[in-house]
Amino acid sequence: MPEASFSRGASPGAQQPPTAVPRADVPRADPPPSAIRAAAAAGPAGLLASLAPLLSEWLPRQRWFAGKGRPVTGFALVCATELLPCATSGTTPGLLHLLIRAQQPEPPGHRHGSGCGHRRGAAASDCYQILLGVRATLPPHLAPALIGRPSGGPLHGRTVYEALLDPRLATLLLERLRMPGTLGPLRFLREPSADIPSGLAPRLVTAEQSNSSVIYGDTFILKLFRRVSPGTNPDLELPLALARTDCTRVPAPAAWFEAAPLGEGAGAGASAGAGPRADPFTLGVLQPYLAGSTDGWQLALDAVAARGDFTAAAHALGQATAEVHLAMARALPTSHLRRPQIEHLAAAMSERLDSAAAAVPALHPYRAALHSAYEDLAALGRAGRTWTAQRIHGDLHLGQVLRRTVEGGARWSLIDFEGEPSRPLDERRRPQPAVRDIAGMLRSFDYAAAVGGHDSPQDWAGRSRAAYCAGYAEASGTDPRDDPELLRAHETDKAVYEVVYEARHRPEWLPVPMSAIRRLAATRT
Ligand SMILES: Nc1ncnc2c1ncn2[C@@H]1O[C@H](COP(=O)(O)OP(=O)(O)O)[C@@H](O)[C@H]1O
Ligand SMILES: O=P(O)(O)O[C@H]1O[C@H](CO)[C@@H](O[C@H]2O[C@H](CO)[C@@H](O)[C@H](O)[C@H]2O)[C@H](O)[C@H]1O
């Protein structure tokens, strides 16, 4: 673990070359902010020691905490940066940006190389982004944001809390994003053509999320990634690439920020001869807020509740998905999957099934039947079948699509290109068959029918699925149903993922993917 820094200005991390992200304003180094003497004197170890008891209680309760069900055995500070001075005695709040690793025992069935930065043989540790507000006392309206009062260290006697709930601090973040620059290991970048006004009122999105988002004046939304790893997050990379195409289905990033902490993340970005270079961690992306939109999940639930038809919406959604896929295939590298790659794909799915069954024993009875889906796929590869792989959304479901009324009618947009948050970043950024996204959306119709309590859930889902595939085929020229083995393997892989996801985050929803598992296990193409 590298020595942690409590940054009050430029650090060696800030002098590293900027990420190769196109079209952004060149950041400038800001002068160091006024520092807190006590913090400097106590150093990062004192800071972490004083925060650890509070964080070990608070962190596991957060929706975005990925290590649920396993004890936190320790913390390591990756970097700490004062965005606003924290130890002033007045009423002005301080703002402390932290990247912290939470050490935990590895989950059952864990595969090494999860991309979260821990090394083979080391204890599992995920890196989290935390924004701490610091005040002498909390005003009543911020009571729900309380994390606690450190009993020692540089913040001794002060109150620390979730900064995003404090409008003053959320406003400060937007101000930082409006002005490109560096602050210690943090680097703020923006799209030169984006017009980001100041003074937009912030509000934290309260919906259940894997990350945290703040809406500014119904004009912009800032997504802060919570579990972060070295490398450009596809939720920045893909929308930026799509912004350079004629595809307008995805909100274009207006500004973003990243961290290049010392000694962290050397890997893909290491350059020969120049020594290891840390891959910056993408920390947040600001993009236009699609005001007045409703997500597909809500629309589908409404349709199920009304026993209404969703086929027209699903058809249009299939077309929108195809448009985004075509644009990504034009904008970014594609590859061909031949026998070795198809066998590798099938083997990876099999491995994920075995890991999932180790974590969720309810999967055990279906393992052999589910494996047959992957064996059928591998057999096609051996028989000479090939497919194209391209960059995809990676976790497409009804909650990732927004519909709003624009001139000419209703229009779908796609958001959240992060991919499945539990998969390693390098895996998420690899070209894959586009059918992976389609399988995700097909699974989502199944979820909506089940969660919405439809009396004929399979009929409703079946009609929506057919309409979605037809819309996709119309816009792309490729009907996913023409590749039943590929589709079944991907649907199975997705349902297996969902079983683990639900077991970890929403055990009461586990029956939804489990019923799909039973159906998929009973189906052979
Ligand atoms: N550009 C946007 N316009 C309007 N709402 C958005 C936008 N981006 C995200 N949202 C809302 O915020 C929610 C969470 O965003 P998302 O990117 O899916 O975050 P997470 O990865 O944390 O789930 C979405 O379900 C949607 O309701
Ligand atoms: O939205 P995220 O990127 O955080 O995705 C994760 O959470 C999703 C749930 O919020 C989860 O999606 C599953 O539940 C959805 C209904 O809530 C359903 O529409 C999806 O089909 C189902 O997969 C997603 O898998 C997970 O990665």
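Numbers here are sequence positions counted from 1. As a basis for the values below, the full set of heavy atoms in this structure was taken, side chains included, without hydrogen atoms, waters or symmetry mates. Both counts, for ligands and for their atoms, begin at 1 and track the order of listing.
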Does an N or O anywhere in Asp395 fall below 3.5 Å from an N or O of ligand 2? yes
If you measure every N or O of Glu420 against every N or O of ligand 2, does any of those distances drop under 3.5 Å? no
Checking side-chain contact (heavy atoms from CB on, under 4.5 Å) between Leu396 and each of Leu317, Ile438, Val401, which is the one that passes? Val401
When Trp460 is tested against each of Arg307, Arg465, His454 for side-chain contact (heavy atoms from CB on, under 4.5 Å), which residue passes? His454
Give me the nearest non-hydrogen protein atom to [atom] as residue plus atom name, then the distance to 0.1 Å.
atom	answer
atom 2 (P) of ligand 2	Ser210 OG, 3.6 Å
atom 25 (O) of ligand 1	Gly399 O, 3.7 Å
atom 23 (O) of ligand 1	Asp416 OD2, 3.6 Å
atom 19 (O) of ligand 2	Ser444 OG, 2.6 Å

At the 4.0 Å heavy-atom cut-off, does Ser210 count as touching ligand 1? yes
Is Ser413 near ligand 1, meaning one of its heavy atoms is under 4.0 Å from it? no
Output the list of atoms in ligand 1 that are nearer than 4.0 Å to some heavy atom of Gln400, sorted by atom number. 18 (O)
Within a distance under 4.0 Å of any heavy atom of Pro251, pick out the atoms of ligand 1 and give their elements. 1 (N)
To the nearest 0.5 Å, what is the distance between CD (Gln129) and SG (Cys79)? 9.5 Å
Quick one: does Leu189's side chain get under 4.5 Å of Leu177's, heavy atoms only? no
Does the side chain of Glu474 come within less than 4.5 Å of His315's, by heavy atoms? yes
Criterion side chain to side chain donor-acceptor pair (under 3.5 Å) against Asp437, the qualifying member of His325, His393, His490: His325
Under 3.5 Å between some N or O of ligand 1 and some N or O of [X]?
X	value
Asn211	yes
Asp235	no
Tyr289	no
Lys223	yes
Ile221	no

Shortest heavy-atom approach to atom 27 (O) of ligand 2 - which of Tyr501, Tyr497, Phe445: Tyr497
Counting heavy atoms only, name the option from Ile415, Asp218, Leu402, Asp295 that's nearest to atom 24 (C) of ligand 1. Ile415
Under 4.0 angstrom from ligand 2, any heavy atom of [X]?
X	result
Glu498	yes
Arg506	yes
Met441	no

Which residue is it: Phe75, Phe65, Trp58? I am looking for the one with a ring-ring contact (aromatic ring centres under 6.0 Å, His included) to Tyr128. Phe65
With a 4.0 Å heavy-atom cut-off (strictly under), which part of Pro288 contacts ligand 1: side chain, backbone, both or neither? backbone
Whether Trp412 and Phe310 hold their rings parallel, tilted or perpendicular, with breakpoints at 30° and 60°: perpendicular
I'd like to know if the side chain of Asp302 pairs up with that of Gln298 as donor and acceptor (distance under 3.5 Å, no hydrogens or angles considered). yes
